[in-house]
There are 2 protein chains.
Amino acid sequence: MTQQSVTMADVAKAAGVSRTTVSFVLNGRMEANIPEATRERINQTARMLGYRPNAAARTLASKRSAWFGLVTEIATSPFATDVIKGAQRSAWKDGNFLLIAPSDDDPGMEMLAVEKLLEQQVGGLIIATTWHREIIVPENAKSVPCVLVNCFDAAGEFPSIVPDEVAGGYAAAEILARAGHTNIGHITVAQGIPAQIGRQTGMKQALRDHGISQEESKIVAGDGTADSGYHGTQELLAQPDPPTAIFCGNDRIAMGAYDAIKELGLRVGEDISIVGFDDQEILAPHMRPKLTTIALPFEEMGMAGVSLLNQMVEGSPIENRQITIGCPPRIRSSVAMHGQR
Amino acid sequence: MTQQSVTMADVAKAAGVSRTTVSFVLNGRMEANIPEATRERINQTARMLGYRPNAAARTLASKRSAWFGLVTEIATSPFATDVIKGAQRSAWKDGNFLLIAPSDDDPGMEMLAVEKLLEQQVGGLIIATTWHREIIVPENAKSVPCVLVNCFDAAGEFPSIVPDEVAGGYAAAEILARAGHTNIGHITVAQGIPAQIGRQTGMKQALRDHGISQEESKIVAGDGTADSGYHGTQELLAQPDPPTAIFCGNDRIAMGAYDAIKELGLRVGEDISIVGFDDQEILAPHMRPKLTTIALPFEEMGMAGVSLLNQMVEGSPIENRQITIGCPPRIRSSVAMHGQR
DNA sequence: GCGCGTTACTGAATCGTGTTAGCAAATCTG
DNA sequence: CAGATTTGCTAACACGATTCAGTAACGCGC
């Protein structure tokens, strides 16, 4: 054992006080009025001896733990990072830790993950998904406060935090409308998922508000891949009255759209304007021209999840069980004013 | 408290045995020969009562914890995900947990992160970076076994796991050489970092082995961005004897290269062949044509990190302190046979 | 000099588990 | 059938904190 652990008892002996006093001082319990002098002396000895609190002992004794559990599909996507990042940051500043467990699609696996987290005495649970959808929450998750991030349960039993897809779709279409476009195409992500429904609904509302009509033929069903963006764009631009702007259901679709447009000898952001969705960090800002898109607020959702959890753990009543987080536009260079050049 | 925790004592009482016996059975200590009948009865009662072991108590009592700490720059890049994923998987199957702490560049922050992890009684530590480089390991990390992933310390004091940049560069160049190319360009990542030095060294070796000469003018210094790929490619293709193939220092450079090539009216994977590096999941397979590239083995490095850590914790001597993990080629469609069409 | 409040602590119980030492009964050995 | 061994279990301490219930010493007013 290289590990010589210094305990509170050691500090107490060295400082000539009782363990209790050390505990009070180190935890800053002012109500136990320990004079500044003693306080200082104890802090000094603790530092000198290299005392490091034992978190396990603390959780055991105090019956409340310093950590939350986060269950997510690490497997699939880089998005998970951002949720983790936000949650981590938020938890960290309260001195809390995040235990991250994988839930690789398999529902049995997910249950096991939750079980394991509960064994670790987590004070609360966040269940996060990489794409916005409905999930079935494992039964055992009810043992502690639990929030859903980027997903929701059918019964609405759990508080959930999701992106405001509708407002996002509205913002995307509005960018194009404001730029003077009146003939606008749309390539959707996979049919029936909240992202598709929400974004499309928002778009339609925006166009209506701006007095722009859109034929059904201008909405083509994609599946979220670059390929579907490529072919969808070809389809739109082959129409007799091709759109001058396309709202792509996500950034990957936009990537395919760029290729199709360039192949036709047209210029993105000049001849055809493009708006994406997601704001994928390693994609959107590096495309040529840089992609104007709507950001998915993963980091904010992660942060919101932790702070909601904090509220629940402290027992304060939560007013709002369904929180939507706005999707901010990222204006870059793929949208041109229509009729300017 | 909704949380009615069932303890071992409860199980013991319900099953009519002592707590010790329950402990033995539940931990599968065969040497305490408990007959099958009793064993079964205890397991049943435990299940019935919904007994869940208290990890904090267990760590405290047994003086060894079920988790490792992983310190990484979550902030910057999606790569972190893959390391986490690999490490997570690997740890998980031994019933171990990963505590993930952020080290956002700030060295003070990193030290604090390590300190916090040590408080949680982690049995070992992994320090991972998002790009291959030398780091200064915080002093307190020495309290427990510690391995470096995707980075290394100057003194070589810590075991470290890094990608085999040289072999990767070799493989990249060889793909082009095998395809019949003899005039090959290269756009580097940022000067002086291990990735640049290693990949370039590997490339040169491969070309030498294949009897191909390469003028200095065919190597242009980039900085890892798509922009530098775009301009680098323009520079290469403007030369009197332009290369027919380009090895791009990373996938983002390749992304810029694609744009430059297409703008000149040439076709990637037909007129000009491209090989990238990194195999960015949301980039390479979605480019048009799909990018042939060399993968950075983040997931494998994460797994290797954990298993090395396991060895160290168990005290088995480790033979190899500097492990390099191969970078497998991902053959897709951006390389054409030269002189075929 | 008595009662009372404050100051500055301390003793001891507790949290849920791991683990060692040991004991009574049953079984084997010779 | 005495003695040795094995079987099947238990008592009790340890782990490193938190926390409740005190308590000795001191100052202060009357």
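Numbers restart at 1 for each chain; the letters A, B, ... are given by sequence-line order, proteins then strands.
- In the helix from C/dG1-D/dC30 to C/dG30-D/dC1, the terminal helix axes, each the rotation mapping four pairs' C1' atoms onto the next four within five end pairs, subtend 50°, rounded to 10°.
- To the nearest angstrom, P of C/dG16 lies 16 Å from CD of A/Gln120.
- Look at CE on A/Met8: it is 15 Å from C1' on C/dT10, rounded to the nearest Å.
- Spacing between atom CD of A/Glu119 and atom P of C/dC15 amounts to 20 Å, rounded to whole angstrom units.
- The stretch residues 17-29 of chain B touches DNA chain C through B/Arg19, B/Thr20, B/Ser23, B/Phe24, B/Asn27, B/Arg29, each having a heavy atom within less than 4.0 Å of the strand.
- Side-chain contact between B/Asn140 and B/Met111: present, with at least one pair of heavy atoms (C-beta onward) separated by less than 4.5 Å.
- Checked by atom type and distance alone, the side chain of B/Asn150 pairs as donor or acceptor with a backbone atom of B/Thr129 at under 3.5 Å.
- The side-chain heavy atoms of A/Ile100 and B/Leu98, taken from C-beta on, include no pair separated by under 4.5 Å.
- Side-chain contact check for B/Ile127 versus B/Pro138: some heavy-atom pair is nearer than 4.5 Å.
- Once you apply a 4.0 Å limit to the heavy atoms of chain A, the touched nucleotides of DNA chain D run 5' to 3' over D/dG16 to D/dC20.
- A donor-acceptor pair shorter than 3.5 Å can be found between the side chains of B/Thr81 and A/Thr81.
- Projected onto DNA chain D by closest heavy-atom contact, A/Arg64 and A/Ala57 fall at different nucleotides, the more 5' of which corresponds to A/Ala57.
- The ring pair (Phe, Tyr, Trp, His ring centres under 6.0 Å) check on A/Trp131 picks up nothing, with sequence neighbours excluded.
- Between B/Lys85 and B/Asp82, at least one side-chain nitrogen of the basic residue sits less than 4.0 Å from a carboxylate oxygen of the acidic one, meeting the salt-bridge criterion.
- Summarising the geometry of A/Ile42 relative to A/Ala15, their closest heavy-atom pair is CG1-CB, 4.2 Å, with the distance given to 0.1 Å.
- Scanning for ring pair (Phe, Tyr, Trp, His ring centres under 6.0 Å) contacts around A/Phe68 gives an empty result, with sequence neighbours left out.
- For the pair B/Ser65/B/Gln120, no side-chain contact is recorded, criterion being any heavy-atom separation below 4.5 Å from C-beta on.
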Problem set entry | Step-by-step side-chain contact (heavy atoms from CB on, under 4.5 Å) determination, A/Val17 to A/Arg41 | CA-CA 10 Å; A/Val17 293; A/Arg41 178 160 46 97; 4.2 Å; yes
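- Residues of residues 31-46 of chain A having a heavy atom closer than 4.0 Å to DNA chain D: none are found.
- Using a 4.0 Å cut-off between charged nitrogen and carboxylate oxygen, A/Glu119 and B/Arg58 do not count as a salt-bridge pair.
- Residue B/Lys63 has no polar side-chain atom (N or O) positioned under 4.0 Å from OP1 or OP2 of C/dT17.
- Taking both residues in full, the closest heavy atoms of B/Trp92 and A/Ala101 are given as CZ3-CB, 4.3 Å, listed atom of the first, atom of the second, then distance.
- Summarising the geometry, the separation between CG on B/Asn54 and C1' on C/dG16 is reported as 6 Å, rounded to the nearest angstrom.
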